[in-house]
Every structure is written in structure tokens, then in C-alpha cells.
Amino acid sequence: MAELLEIKDDFDLEKIARSGQCFRVRNLGDETWRFVTREHVLYIKETENRRFSVSCTSEEWNRVWSRYFDFGRSYAEIVKRAAGLHPFIDEAMDFSRGLRVLRQDPWETLVSFIISQRKTIPAIMKSVEAMAGRYGTPVETEYETLRLFPSSEALVLASAEDLAACGLGYRTPYVMDAVQKVASGKPDLNELEKNSDDELLSALMTIRGVGIKVARCTALFGYGRMASVPIDVWISRAIEECGGESPFGLFGEDAGIIQQYVFNYMIHGKDRNKAD
DNA sequence: GGCCAGGCTGAAG
DNA sequence: CTTCAGCCTGGC
């Protein structure tokens, strides 16, 4: 651990790690968490209140991780703005405070959420890990040897059998279509940064196996489109609890972040006997 | 063994 | 335009 830094805004590593938006975060015990994005690996631990020791230099923190953790935005302010508008949202924010929406790599996010359909979170992690294990570039760190998430170029050579062996099941042709299209630049995931939210969604949905839910997850977690609200079964249940009327329209550009507070509340807070 | 899990596709109404 | 069965696979 090279650096020590103080973070004043909401930042709870365990909540972030367990909130189901990322599938390659790992706990090393000792309250140290590992995050991976593109070719960067971070080990981070809260040593005392609001003080964190990190394995990267302050230069890398500022250049890579500050953006990844979305520190350009004050989550304390978001909570303050959203408070009092809707009782269910207040409950969810109380429970989930400390959560942040990560700005992950678009390609990894896209593939991860294609895989996610009809899977549990542990099963998603297993498949993503298997893909990295087979096709990802190895990286040595002070703690371990791990593999990066494979690029589309690296996956072009993968056979259907090899991908299926990663537990992709009927999603295998979906992932292969994403690999083909993205490796050939249609769509070009970098270019999509410039698109409006709606244009981004429709471009992503040209890929087989990408419907509106997966597209919105990619927009939110991979492109930082914080107004994007993916509606899955858990969020549908939350909307039912709100009398069948979606509360997310109240929150404008922050709706996707509010959605993440609610999602975390649904899977870990309410009815926690059902799904850890 | 049956059922369901962070959806999507294609076919039928 | 809307509804709905079926889908790989793992875990209870």
C-alpha cells in the first residue's frame, strides 16, 4: 500500500462491492478490497474513519480511480437533494448510504450484463472470472497473479465450445455476436461515448442478447449515464411496493443512482432472508 | 426431481 | 402492439 488518502464524500467499500454492479471485485480479508478496471488493479482498505490506504500512486488515483469511483460527483449532495420526496426512496437511501455508481469499462460491462440474464450474482461472477482466466492478460501484483478482462480482439479467436465452457449456456451466441460486432468496430464502443442516451441504447441493442435492461445497465455502469434506470425483477418489485407507480421520474439526472440505492436495498435490506 | 435466477428472442394472439 | 414459452446451468 503506497498512499494514504482522505475521502470526505460517501464511500463504503463493502456496500459498493456487494451492490451487484461489478463482478470482479474481491475481498482479500483484512477489509482490503481489490478492484480491476481495464489494465489497472487497485487494493484499497479503510484504515480509520474516512482514511483509506491504496496500492496506487496519487497520480494513478487522480487519473484512473477517482473517475472510476465517480468522485466528480457528490453523493452526499444527491442524497440531500433526493431526501423527502418519496418515503420508499428515503428508506432505501438510509439503508444504502455509502454506495456509489462505478464508472466501469464499457466492454466489460456490456459482456458482464449479457451474461447476467437469468443468473444469480455468484454465477455471473464465476462466468466472468472463467472468461478472464482463459483469455485475459495475466498481471502480477504484490498480492496475487490475476487476469484482466479480455478485450474483444482477444475473444475473436474463442470458439463457441470454449466460451460455453465458461458457463455461458444459451448466452454463448450472444457473447459471440458482441465480440464480432465490437471487434469489427460496429458499434465502436468508444464512439458511443458521444451519443445521446437514447442513441447509445439503440446502438447497444443491435447486439443479439442485448435488450433494454442490459442496454441500460451498460449505459449506467459502463458509460456513466446516471439518468439511466435499468428495470429488472428487483426494481419491478420495488415499483410494486410503491403502489405500482415508478418513483424514479422524481430524480431526473440522478435517477440511475437512486435506482442503485433501491436495488441494493431490495437484495440486502428488505426480505433479506430471500436473497442475501 | 422441480423450480427459479438481475432477460431476450421469436412466434403467436 | 402485447403476451409468453423456452432457453443453459447451478443451487437449493
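All figures in this text were calculated on a predicted structure; none of them were measured in a lab. A, B, ... follow the sequence lines: proteins, then strands. Residue 1 opens every chain.
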In this structure, which one of A/Asp12, A/Asp9, A/Asp70 forms a side-chain hydrogen bond (donor to acceptor under 3.5 Å, both in side chains) with A/Arg100?
A/Asp9
Secondary-structure stems for DNA chain C, with pairs counted as Watson-Crick or G-U when both distances are under 3.5 Å and runs at least 3 long:
B:2-5 with C:9-12, B:7-13 with C:1-7
Rounding to the closest angstrom, what is the interatomic distance between C/dC8 and B/dA11 at atom P?
15 Å
Check nucleotides 10-12 of chain C for protein N or O atoms closer than 3.5 Å to its own N or O atoms and list the pairs.
none

Just to be sure I understand the geometry, which residues of residues 212-232 of chain A put a non-hydrogen atom under 4.0 Å away from DNA chain C?
none
Taking only heavy atoms on the protein side, list every residue of residues 101-119 of chain A lying under 4.0 Å from any atom of DNA chain B, sorted numerically.
A/Phe113, A/Ser116, A/Gln117, A/Arg118, A/Lys119
Using a cut-off of 6.0 Å, state whether more than 12 heavy atoms not belonging to A/Glu144 lie near its atom CD.
yes
Among A/Phe71, A/Tyr75, A/Trp33, whose ring-ring contact (aromatic ring centres under 6.0 Å, His included) with A/Phe11 holds?
A/Phe71
Measure all distances between protein nitrogen or oxygen atoms and nitrogen or oxygen atoms of nucleotides 9-13 of chain B, and list the pairs falling under 3.5 Å.
| unit_1 | atom_1 | unit_2 | atom_2 | d |
| --- | --- | --- | --- | --- |
| B/dT9 | OP1 | A/Gly209 | N | 3.0 |
| B/dT9 | O3' | A/Arg208 | NH2 | 3.3 |
| B/dG10 | OP1 | A/Arg208 | NH1 | 2.9 |
| B/dG10 | OP1 | A/Arg208 | NH2 | 3.4 |

If you take the centroid of each ring, where Trp contributes its six-membered ring, are A/Phe35 and A/Phe69 closer together than 6.0 Å?
yes
Is there any ring pair (Phe, Tyr, Trp, His ring centres under 6.0 Å) pair reaching into residues 154-190 of chain A, and which pairs are they, with sequence neighbours excluded?
none
Using only side-chain N and O atoms of A/Arg18, determine if any of them is under 4.0 Å from OP1 or OP2 of B/dG6.
no
